[in-house]
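Here the structure is laid out as structure tokens; the discussion comes afterwards.
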There are 4 protein chains.
Amino acid sequence: MSPKTKKQNEVIRQQSIAALKQAALNLFAHKGYSSTSISAIAKEAKVSKGLMYNYFDSKQALLLAIIEDAADLGQELLPNVLDDTTDPKEQLRAIINGTFLWVTSNVEYYKLIASLVFQEEALEVMGDFIKMKAASHIHLGEQLFQKIGYDNPRIMAFEFGALFDGIFMAHLSLKEFYPLEEMRLFMLKKYDLV
Amino acid sequence: MSPKTKKQNEVIRQQSIAALKQAALNLFAHKGYSSTSISAIAKEAKVSKGLMYNYFDSKQALLLAIIEDAADLGQELLPNVLDDTTDPKEQLRAIINGTFLWVTSNVEYYKLIASLVFQEEALEVMGDFIKMKAASHIHLGEQLFQKIGYDNPRIMAFEFGALFDGIFMAHLSLKEFYPLEEMRLFMLKKYDLV
Amino acid sequence: MSPKTKKQNEVIRQQSIAALKQAALNLFAHKGYSSTSISAIAKEAKVSKGLMYNYFDSKQALLLAIIEDAADLGQELLPNVLDDTTDPKEQLRAIINGTFLWVTSNVEYYKLIASLVFQEEALEVMGDFIKMKAASHIHLGEQLFQKIGYDNPRIMAFEFGALFDGIFMAHLSLKEFYPLEEMRLFMLKKYDLV
Amino acid sequence: MSPKTKKQNEVIRQQSIAALKQAALNLFAHKGYSSTSISAIAKEAKVSKGLMYNYFDSKQALLLAIIEDAADLGQELLPNVLDDTTDPKEQLRAIINGTFLWVTSNVEYYKLIASLVFQEEALEVMGDFIKMKAASHIHLGEQLFQKIGYDNPRIMAFEFGALFDGIFMAHLSLKEFYPLEEMRLFMLKKYDLV
DNA sequence: TATGAATGAGGTTTCATTCAT
DNA sequence: CATGAATGAAACCTCATTCAT
């Protein structure tokens, strides 16, 4: 007799949104954004084709929502690291282990964002976001390497970031043929953290 | 009006093919394969839409032809390196400088292939090709690091490859904000080549 | 929480129905029937999309209800005119002033119906209604002009009707640029009513 | 062996464009712009759905092209009238007969434009065009009535225009029930042209 | 060899309508 | 009485591909 309660509706909404985002993330990551159709997303999410447009203005808006989620997830990595009182080496170890863990447990997000880096149009939308992320990571790395006592902390930070990207990129393309775990241990050893 | 000789025809063919490949490479690299239309390629190449189908069976066939070109170009890097008699450090320096030069003068090829790495379907087509390349690069690196006398040449080779990929990936997304030249010098220094 | 009385319910019903009709009329008149969505109507009426279907079988049924309202409103013009004892010139003046007043205070209705005249499908539904209206207006005009003593009252009635339509049509398309009030005075003068 | 000649292509293009415009005009006029789908236009024009987009950027662009055609056609009415040396009464007669002829032989154009007058969005696009047309018609009428010697030529011109619109509007909604020919004769008589 | 008009499948998006609550 | 999440048909539009010349 009466309409669904607000709470009920909110639950339903969140379920549908989550299903759509999850489906889209999977497909975007595996087939690429442009090659993924709304139909495919709807089918994967087991909802109707039109439902996406109840929650997102367009396919692009859905992409942006997913990227924001990725950014939020990424933020969760840092808090334990940003504590200044911790031993910098301990922080570095946390970053390495945390990043390997994050990337392996969020491969889809990583794949998606990495793939967008190569699309000019996407870069225009995300460019500033990526530049800011990059800058803050480099800055953090620089500080740590300085505290630890390295000579050229800025370049060290760049090397550090490049290693991450290169390792994960190779991991994505070579999959089980890439010695990911070995590389994690190598990094720990490289920075004298074992 | 006079019938063209076979030679003349061949020249025309090669010009058209080259124009199509060049146009497609540019557009694929900048906008992505899926987001690039045959119309756009034809317009960029200043030929008709239909002509593409005289030389390539499909859009995909055009992509494959470009990838093969990239592979051939990549091969040209190595010959001077593969000479066993050369000093391994000299070879390493040649690889570093050569790769930086190759990537910066062939950004489009690099971008295109890197972007395809994130598309499962493309990977299925190119997977073996990439794996072989990777394996042979790793193998070459391993040999060099061993000759030079490093401790764990295999892992060193993986690090070496990862650094390249990471540096170029960051270069692509950050563009002029990334200190590419500094990173080249850093690599030379890192391997004690200056 | 307490159950509403039948009377209360009836009031609510009428309010909702009125709100829906009013919203629909506005939107239909300004954007056209086909270009107006149920969503837009519901939003404008500040009720839910589903509610419309409690009171009207379909979007078309809502349109028909509005047209009927317009017809009823139109009827209200005539009673004071149909009194045979009144001076025919007085009646003519009443018709002119009344019509100008009605159209300017019910622009939406006028616009909606005028716009439907150009849609074959709508005409099929409203055709007879319009023909009857037209016929009765012409008949009324004919009688008046005859009583007043004009020569060719039938054609005069057609001219009279055409003037109205033409004036209001221009008023709708030219808006404030059209000298509507001047035209009213002109008509009064034309039929020697001032 | 060789591509179609430019001339051949131009002929084909013009045929397709004409077929599309004709089909669209018919459907727009009979069912209304919004209620007419591209599919329906393509079917009526006996071409494929996609072909419209070879020649027009969008459904709206097609509409605009048709309106421009209508404007061009409308222009053809005037030349014989604009000659200052002709007797003004003769000119008035030409305008009346010409307009009746034009509207009856171009009902579709007239219907389409008249129907768009009631759509706010369309008016925004065509507003200036209509205002200019209206202004120039009124101006022309004013001059003629002045030359002929009428008292209030400006208002006469407005009445003249309103009569046209009203007559044709009634003709459109009442069709064969409206005495169109009688109205033409009436107008000729009204302005003392017989 | 070269063209570009034409096709139609399939993409993104809108929306009237249904229905569980 | 009232809600709005969900549906799916159908709208507008794009594009790889074909083909007559």
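Numbered from 1 within each chain, the chains take letters A, B, ... in sequence-line order.
Residue pairs meeting the side chain to side chain donor-acceptor pair (under 3.5 Å) criterion with at least one partner in residues 54-65 of chain C, sequence neighbours excluded, are absent.
Rounded to whole Å, atom P of F:dC1 lies 10 Å from atom CD of C:Q14. If you take CZ of B:R13 and P of E:dA2, they are 9 Å apart, rounded to a whole angstrom. Remark: P of E:dA20 and CG of A:N9 are 15 Å apart, rounded to the nearest angstrom. To the nearest angstrom, C1' of E:dA2 lies 13 Å from NZ of D:K6. For the pair A:Q8 CD and F:dG4 C1', the computed distance is 12 Å after rounding to whole Å. Taking atom CD1 of residue D:I38 and atom C1' of nucleotide F:dA10, one finds them 13 Å apart after rounding to whole Å. With rounding to whole Å, B:Y33 atom OH is found 12 Å from F:dC15 atom C1'.
Contact annotation: A:S37 side-chain N/O to E:dG10 OP1/OP2 distance is not under 4.0 Å. Under 4.0 angstrom from either OP1 or OP2 of E:dA6 there lies at least one side-chain N or O belonging to D:S16.
A heavy-atom distance below 4.0 Å to DNA chain E is reached by these residues of residues 41-65 of chain C, ordered by number: C:K49, C:Y53, C:S58, C:K59.
A distance of 4.0 Å separates CD in D:E108 from NE2 in D:H30, rounded to the nearest 0.5 Å.
Two residues, D:S39 and D:T5, neighbour DNA chain F, and the one matched to the more 5' nucleotide by heavy-atom proximity is D:S39.
Residue B:T36 is classed as a sugar-phosphate contact, given heavy-atom separations below 4.0 Å to backbone atoms only.
Of all non-hydrogen atoms in A:A122 and A:L116, the two that sit nearest each other are CB-O, 3.7 Å. Between B:A19 and B:A45, the shortest heavy-atom contact is O-CB, 3.6 Å. Counting all heavy atoms, side chain and backbone alike, C:L123 lies closest to D:L172 at CD1-O, 4.2 Å.
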**Asked** If you write DNA chain F from 5' to 3' in dot-bracket form, with Watson-Crick or G-U pairs under 3.5 Å, [ ] for crossing pairs and | for pairs with another strand, what do you get?
**Response** .||||||||||||||||||||

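Between A:Y109 and A:D69 the shortest side-chain heavy-atom distance falls below 4.5 Å.
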**Message:** Show, in sequence, the C-alpha distance, side-chain angles and deciding distance for A:Y33 and A:L27, and conclude whether the side-chain contact (heavy atoms from CB on, under 4.5 Å) test is met.
**Reply:** CA-CA 8 Å; A:Y33 171 74; A:L27 291 167; over 6 Å; no

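The residues D:K21 and D:E68 are annotated as not salt-bridged, no charged nitrogen and carboxylate oxygen being separated by less than 4.0 angstrom. The pair B:E10-B:K7 does not count as a salt bridge, with every side-chain nitrogen at least 4.0 angstrom from each carboxylate oxygen.
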